[in-house]
Amino acid sequence: MSAMQSGLISRRLFLVRSVQAGAGLTLAMALPGGAGAEQVAGDLEANAFVTVTADNRVVVTIKHLEMGQGTYTGLATLVAEELDADWDQVEAVGAPANTRKFANTQMGLQLTGGSTAIANSYLQMREAGAAARAMLLAAASKAWQVPVSSLSTDKGNVIHSASGRSARYGDLAAAAAGESLPETLTLKEPANFKLIGASNLARKDTGKTDGSGQFTQDVNLPGMLTAVVAHPPRFGASLSSVVADKAKAIPGVKAVVQIPSGVAVLADGFWQAKKGRDALELQWQGGMDRGSDEILADYHNIAARPGSSAVNRGDVGGALDAADDVLSLEYRFPYLPHATMEPMNCVMQKTATGAELWYGCQGHTWDQANVAKVLGVAPEKVKINTLYAGGSFGRRATTNSDYPCELAEIVKAWGGEAPVKLVWTREDDTCSGYYRPAYVHRIDAALDGSGMPVVWRQRIVGQSILGLAADKVDHTTVEGASNLPYNIRNFAVETHNTDEPVPISWWRSVGSTHTAYAVETMIDVLAHKAGQDPVNYRLALLEGEPRHTGVLKLAVEKARWGNGLPEGHFHGVALHKSFGTYVAQVAEVARQQDGKFKIVKVTCAVDCGVAVNPDVIRAQVEGGIGFGLSPLMFNEVTLEKGMAKQRNFDQMKVLRMGQMPQVEVHIVPSAEAPTGIGEPATPVVAPAVANALFAATGTRLTQLPLGDAYFSA
């Protein structure tokens with residue numbers, strides 16, 4: 001058993017540097033597997049997470065962006081647990097850009113994504129808390145001349161029961177700053193957890209609800225200008241001419257500058273800048289000239305051809321040739337917008353050596369390097385202050401740092417010294433791309449004499465989010481399909497990467513957004529063809545998959561599957577693993593008087609390992625289900641002649657409050673390492689509802705969104 005597994009961390013593996021900040025204790029540390037851990041023998045600049053202040057606050061620096069998913073609460077919980085801090089004394093602050101200190105240990109980048117915040121920080125943040133506690137104990141031991149073994153900690157106090165002495169952490173912080181780490185650290189056993197697994201802990205991002213939290217729009221620096229940008233109306237178009245006289249004549253407009261992504265107007269405020277943009281006389285040339293219908297028609301033809309192999313086991317071709325009855329279905333998925341409540345925005349101030357930025361930064365490593373390249377400075381000369389973000393769902397983490405770099409281009413082209421705030425409107429956000437790609441799937445399957453699938457071939461056609469060549473397999477395209485848990489001996493997944501001028505990016509649950517739907521609705525079609533119950537059918541295919549089986553059984557038990565439903569009500573089930581987390585959902589739909597359906601209830605079982613914050617888990621599952629229902633029901637971006645038809649929420653329908661079903665969440669108790677929770681509920685709800693509609697109508701639902709034919713607007 002390793003030191004990490006046993007909860008004992010040797011001093012050779014764990015380096016700690018304490019520094020006195022004012023009269024407080026700040027820990028900077030490198031942890032096993034963390035950024036900089038390989039530099040143990042050299043000059044180490046390490047990760048800083050915990051500060052105990054003289055006024056008795058515990059400030060936890062959070063390396064992951066807080067965008068609503070609860071990272072400030074979850075990561076602070078891990079520190080507070082091992083530190084034995086009082087929850088009320090704990091504060092959370094966002095980390096600045098510094099990859100060496102704050103890298104995601106699973107990615108090597110300072111990046112929030114892939115539902116990894118808790119998963120990559122679980123031991124790291126617990127060890128940070130344990131280190132701080134050890135140093136506080138050592139300080140008290142010296143001050144009181146008693147053995148460390150005679151001391152205990154509780155709710156932010158060091159206690160010596162034999163003498164009745166106690167001291168607040170803040171009172172010991174200065175002395176603790178001079179202490180070194182003991183030879184080993186011992187982490188708590190789960191049976192002794194007080195905060196991990198506890199419900200009703202107050203969230204540490206409540207500033208978002210009482211107005212005290214700071215978003216980009218709240219930043220108002222002296223002399224600051226606001227910039228808006230006129231982007232090309234068609235994807236791939238370029239600017240041929242601009243006449244800015246009318247724009248410059250508008251009171252408050254300070255400058256009009258041309259940049260690679262369009263034309264920017266800088267003004268005293270947003271409204272003046274927008275009026276200036278509206279007054280620009282622009283001529284564009286070239287660009288995309290086709291739309292969604294043509295794209296999906298091409299994808300249909302491509303799906304008929306063999307693609308690059310992601311997985312191929314057994315004899316798929318032979319099994320299909322030998323099958324008497326091959327069932328083939330084609331699935332079509334549209335482009336999807338992220339539609340975050342806070343559109344893209346950013347503030348930049350030039351400095352003597354570089355620049356300082358304020359915004360909800362999701363990909364610090366990318367943004368710092370890309371902005372630095374635009375400005376012609378070293379990355380460390382770009383300081384990023386991380387603020388709250390009003391949602392992201394993947395949109396704020398683009399490898400080319402599109403909107404921070406757009407602001408850098410504006411500041412560079414303008415040449416002024418005042419700070420500038422870039423503001424995108426909802427229309428800018430909806431029409432400028434970085435969508436979830438459009439996809440076509442073709443699945444060919446056949447059953448054996450017992451009704452079980454003997455062969456499954458799935459071809460997926462769409463743009464590569466990773467930008468891979470046509471003959472390469474993008475794992476983000478096939479995730480959720482290539483790792484199918486069902487026992488099918490002849491099994492293949494193939495891909496075709498297409499080339500479109502439409503900017504694309506990951507969208508909440510990435511590949512699983514489409515693979516889960518295609519797989520789980522196809523499984524129901526096969527179960528129906530075999531004349532078998534969809535739950536029993538899945539269970540028969542899940543031999544050797546205990547965690548899949550566990551969530552499926554729990555969900556159907558809690559939903560009372562098979563125990564009878566009111567007349568006109570129907571159940572559907574779906575099962576999927578993404579980001580290490582197992583999710584099963586049972587959806588209940590009810591036929592309305594107009595023949596359309598209402599989604600009444602979703603029962604969800606989730607196995608995400610150790611449940612650090614059950615309330616956050618439930619909130620993320622509920623939010624993920626709501627998020628996943630919009631593209632099932634209404635939401636999409638359709639292109640015509642290279643332009644998005646939808647511009648704002650009057651055209652881009654999303655789930656309304658009255659359409660949100662009752663959600664019941666059941667968390668599987670587990671001692672496994674924690675896995676992701678921000679995304680895994682999203683891809684499961686659409687196939688669960690679609691399977692309920694299939695049970696009601698017998699119609700195979702293979703094109704999303706389902707639209708007004710099934711749901712009232």
Side-chain angles (χ1 to χ4, degrees), residues 34-36 47 61-67 69 71 94-117 120-121 216 229 259-261 338 340 342-348 354-412 422 424 429 432-437 463-468 474-476 503-508 510 579 678-679:
N47 299 335
T61 300
I62 307 296
K63 65 181 183 178
H64 294 280
L65 173 65
E66 174 58 74
M67 47 191 161
Q69 81 280 39
T71 54
N98 189 321
T99 301
R100 292 183 67 192
K101 287 184 178 181
F102 300 116
N104 183 312
T105 60
Q106 294 182 5
M107 300 177 180
L109 305 171
Q110 189 177 354
L111 174 66
T112 304
S115 295
T116 60
N120 90 95
S121 302
T216 309
V229 177
I259 58 175
S261 59
H338 295 82
T340 64
E342 179 189 18
M344 303 305 103
N345 49 22
C346 187
V347 173
M348 179 182 292
E356 184 170 3
L357 294 89
W358 294 260
Y359 65 112
C361 181
Q362 186 173 358
H364 296 74
T365 300
W366 294 331
D367 291 1
Q368 190 177 43
N370 291 332
V371 168
K373 185 176 181 181
V374 171
L375 298 178
V377 301
E380 61 268 20
K381 301 302 181 181
V382 175
K383 179 181 178 181
I384 296 176
N385 300 287
T386 307
L387 308 181
Y388 286 140
S392 175
F393 318 119
R395 175 60 184 93
R396 301 182 196 277
T398 55
T399 57
N400 66 348
S401 309
D402 65 299
Y403 67 96
C405 281
E406 181 171 83
L407 178 54
E409 294 283 7
I410 293 169
V411 170
K412 179 181 177 182
L422 171 67
W424 283 28
D429 195 55
S432 295
Y434 295 95
Y435 307 130
R436 194 285 307 269
Q463 290 170 259
S464 164
I465 292 176
L466 298 181
L468 301 183
D474 185 334
H475 74 87
T476 70
I504 57 169
S505 187
W506 21 69
W507 190 93
R508 191 176 188 176
V510 199
F579 308 99
E679 299 170 88

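Keep in mind that what you see is a predicted model, and the values were worked out from it rather than measured.
Annotation for Ile504 and Pro437: closest pair CD1-CG, 3.7 Å, computed over non-hydrogen atoms. The nearest pair of heavy atoms linking Ala397 to Trp366 is O-CZ3, 3.8 Å. Between Leu111 and Gly363, the shortest heavy-atom contact is CD1-CA, 3.7 Å. Residue Gly390 comes nearest to Thr340 through the heavy atom pair O-CB, 3.7 Å, listed as atom of the first residue, atom of the second, then distance. When every heavy atom of Gly354 is checked against every heavy atom of Val377, the shortest pair comes out as CA-CG1, 4.2 Å. Of all heavy-atom pairs between Ser505 and Gly394, the closest is OG-O, 4.0 Å.
Side chain of Thr105 to main chain of Asn120: a donor-acceptor pair is present (N/O by atom type, distance under 3.5 Å, no hydrogens or angles). Side-chain atoms of Glu679 come within 3.5 Å of backbone atoms of Ser115 as a donor-acceptor pair (strictly under, hydrogens ignored). Gln368 places no side-chain N or O within 3.5 Å of a backbone atom of Val371 that could act as its donor or acceptor partner. Between the side chain of His338 and the backbone N or O of Trp506 there is at least one donor-acceptor pair closer than 3.5 Å. Side chain of Thr386 to main chain of Cys361: no donor-acceptor pair is present (N/O by atom type, distance under 3.5 Å, no hydrogens or angles).
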List the steps, then state whether side-chain contact (heavy atoms from CB on, under 4.5 Å) holds for Ser432 with Tyr403.
-> CA-CA 11 Å; Ser432 295; Tyr403 67 96; over 6 Å; no
Just do the side-chain contact (heavy atoms from CB on, under 4.5 Å) check on Leu65 and Thr71 with the steps written out, would you?
-> CA-CA 7 Å; Leu65 173 65; Thr71 54; over 6 Å; no
Check against side-chain contact (heavy atoms from CB on, under 4.5 Å), Ser121 and Lys63 | CA-CA 9 Å; Ser121 302; Lys63 65 181 183 178; 3.3 Å; yes
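Put simply, the residue from Thr216, Asp367, Asn345 that forms a side chain to side chain donor-acceptor pair (under 3.5 Å) with Tyr359 is Asp367. The side chain to side chain donor-acceptor pair (under 3.5 Å) with Asn104 is formed by just one residue from the set Thr365, Thr116, Thr112; it is Thr116.
To the nearest 0.5 angstrom, Thr476 atom OG1 is 4.5 Å from Leu466 atom CG. The CG atom of Leu422 sits 11.5 Å away from the SG atom of Cys405 when rounded to the nearest 0.5 Å. Note that CG of Leu375 is 8.5 Å distant from CD of Glu409, once rounded to the nearest 0.5 Å.
Donor-acceptor pairing under 3.5 Å is recorded for the side chains of Ser392 and Gln362. Side-chain contact annotation: Asn400 with Tyr434, donor-acceptor N/O pair under 3.5 Å present. Remark: the Asn385 side chain and the Glu356 side chain contain an N/O donor-acceptor pair separated by less than 3.5 Å.
A salt bridge links Arg396 with Glu342; the closest basic N to acidic carboxylate O contact falls under 4.0 Å.
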